[in-house]
Amino acid sequence: MEGIEMAGNNPNIFTINDHEFNIIQKGLDPEQVKVFIEKLLEENSRYTAELARMKEQAEHLDSLKKLADTTVIEADKLAARLKEEAVAKAKAESDSLIAKAEEKARKVYEQIYRQLNTLKQQVNSLDKDFDFKSEGAAVTAEPVMTAPVKETPVREQSDFMAKAVDTSDILESDTRELIIRDKEIELEILPPVDAVKITKIMDQLENASEVEVVELIPRPNHPVIIVYENKPNSLLDVLRKLSMVGKVNEIPASPNGSGIVRRKYEISLAANAVK
């Protein structure tokens with residue numbers, strides 16, 4: 001083995017790794033000692049290499065531990081940030097839903113208020129008309145004395161009726177009253193009827209600022225959606241933009257069983273609309 005050799009030409013001295021040893025009489029066999037020392041040196045080299053390898057592995061494990069600690073810290077920070085973002089997003093969505101619900105409630109309230117106001121005007125107009133006719137009848141029934149009875153001029157009656165019609169939107173006939181509602185429109189869905197597409201149309205109409213959905217009348221073959229125009233003459237453009245609507249045709253307005261006259265559109269559902 002390298003490092004063990006005889007010291008020059010002196011048979012009584014040999015060296016091991018630059019260390020000199022004297023050979024004495026009755027001492028140990030140099031060859032046996034040499035073999036033994038070689039084994040010790042081999043084991044020492046092996047242990048040294050193993051120790052270096054284990055040291056390198058320990059340093060690697062220490063690096064992995066530090067990386068794991070850093071990853072856990074970053075993961076905790078990320079989790080906290082994601083939690084904050086989720087809470088903020090949920091709050092924003094909740095606020096948005098509340099705002100939409102409040103806005104829808106406000107629109108419904110305004111619609112009810114308009115209807116009540118219209119009914120109030122109708123009642124007032126009918127009361128005035130009743131009083132007017134009663135006074136005319138009473139005057140006619142009085143006996144004619146020395147002075148002539150004062151009659152209401154025909155022009156004054158016409159002006160009164162025109163004002164009543166203008167304030168109440170009621171056109172009187174001999175048989176019933178016609179209530180004109182220009183801003184309310186009936187959308188008649190032509191067959192074939194598809195409940196999913198009709199629901200989609202109502203959702204899209206509710207999201208349009210130009211109109212408001214009043215009600216759905218679920219007739220078997222041709223359901224009717226009643227909408228209210230916030231912006232005059234805007235419904236036709238809104239309907240043509242809806243994905244579930246195929247064709248739109250305006251039909252002549254006519255009074256329904258309640259004497260209400262609304263504008264009317266016939267709607268054909270789109271055949272291949274994307275749901």
Side-chain angles (χ1 to χ4, degrees), residues 93-123 165-171 173 175-275:
E93 292 178 352
S94 175
D95 293 342
S96 176
L97 291 174
I98 292 174
K100 288 181 179 179
E102 291 177 347
E103 179 65 15
K104 189 170 183 179
R106 182 188 65 79
K107 291 181 178 179
V108 172
Y109 171 80
E110 291 177 353
Q111 178 67 18
I112 294 174
Y113 179 80
R114 284 194 296 268
Q115 294 177 353
L116 291 176
N117 192 40
T118 300
L119 291 175
K120 182 179 179 181
Q121 291 176 355
Q122 294 171 9
V123 171
V165 169
D166 182 60
T167 56
S168 64
D169 286 340
I170 300 176
L171 301 180
S173 65
T175 57
R176 62 181 179 181
E177 298 174 349
L178 301 182
I179 303 176
I180 309 299
R181 294 185 178 175
D182 291 335
K183 292 186 177 182
E184 288 187 3
I185 305 171
E186 294 185 11
L187 305 179
E188 182 175 341
I189 311 298
L190 299 178
V193 176
D194 188 323
V196 175
K197 293 180 181 179
I198 294 175
T199 303
K200 187 68 174 180
I201 289 175
M202 293 189 64
D203 291 340
Q204 292 174 339
L205 288 174
E206 287 181 349
N207 292 328
S209 59
E210 295 88 348
V211 298
E212 298 177 29
V213 176
V214 177
E215 63 177 325
L216 171 66
I217 303 176
R219 297 171 182 169
N221 296 326
H222 50 282
V224 174
I225 302 173
I226 299 178
V227 299
Y228 182 89
E229 272 190 329
N230 293 323
K231 183 179 179 182
N233 301 319
S234 60
L235 179 61
L236 188 58
D237 292 335
V238 173
L239 291 175
R240 287 172 176 170
K241 296 177 182 178
L242 301 185
S243 60
M244 298 294 169
V245 174
K247 295 181 179 180
V248 181
N249 296 318
E250 186 171 6
I251 59 178
S254 60
N256 58 21
S258 301
I260 298 176
V261 180
R262 298 187 181 96
R263 292 158 53 199
K264 297 183 179 181
Y265 287 98
E266 288 182 341
I267 295 178
S268 299
L269 297 177
N272 299 319
V274 179
K275 298 184 179 181

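In this structure, CD on E93 lies 12.0 Å from CD1 on I98, to the nearest 0.5 angstrom. The line from CG of L242 to NZ of K200 is 10.0 Å long, rounded to the nearest 0.5 Å. With values rounded to the nearest 0.5 angstrom, M244 atom CE is found 10.0 Å from T199 atom OG1. Between K183 atom NZ and N233 atom CG the span is 11.0 Å, to the nearest 0.5 Å. Rounding to the nearest 0.5 angstrom, the gap separating the CD atom in E206 from the CD atom in Q204 is 11.0 Å.
Under the side chain to side chain donor-acceptor pair (under 3.5 Å) criterion, N249 pairs with no residue, sequence neighbours left out. Scanning for side-chain contact (heavy atoms from CB on, under 4.5 Å) contacts around K247 gives S268, with sequence neighbours left out. For K231, the side-chain contact (heavy atoms from CB on, under 4.5 Å) criterion is met by E210, S234, not counting sequence neighbours.
The one candidate from L239, V224, I226 that meets the side-chain contact (heavy atoms from CB on, under 4.5 Å) condition with L187 is L239.
Of all heavy-atom pairs spanning P192 and L269, the tightest one is O-CD1, 3.7 Å.
By the 4.5 Å heavy-atom criterion applied to side chains, H222 and I189 are not counted as neighbours. Taking the side chain as every heavy atom from C-beta outward, V227 and V238 never approach each other to under 4.5 Å. For the pair P223/I217, no side-chain contact is recorded, criterion being any heavy-atom separation below 4.5 Å from C-beta on. Side-chain contact between I260 and R181 is present, with heavy atoms from C-beta onward closer than 4.5 Å. With contacts defined as side-chain heavy-atom distances shorter than 4.5 Å, the pair L190/I267 does not qualify.
Checked for salt-bridge contact, E212 and K104 miss the test: no charged N lies under 4.0 Å from a carboxylate O.
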Go through the steps for R262 and I185 under the test side chain to side chain contact (heavy atoms under 4.5 Å, CB included), then give the verdict. CA-CA 5 Å; R262 298 187 181 96; I185 305 171; 5.9 Å; no

Let me see the working for L235 and Y265 under side chain to side chain contact (heavy atoms under 4.5 Å, CB included), right down to the final yes or no. CA-CA 10 Å; L235 179 61; Y265 287 98; 4.1 Å; yes

The test is salt bridge (Lys or Arg N to Asp or Glu O under 4.0 Å); show your working for R263 and E184 and say whether it passes. CA-CA 7 Å; R263 292 158 53 199; E184 288 187 3; over 6 Å; no

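The backbone N or O of S209 sits less than 3.5 Å from a side-chain atom of N230, completing a donor-acceptor pair.
Within 6.0 Å of NZ on K264 lie more than 12 heavy atoms contributed by other residues, nucleotides or ligands.
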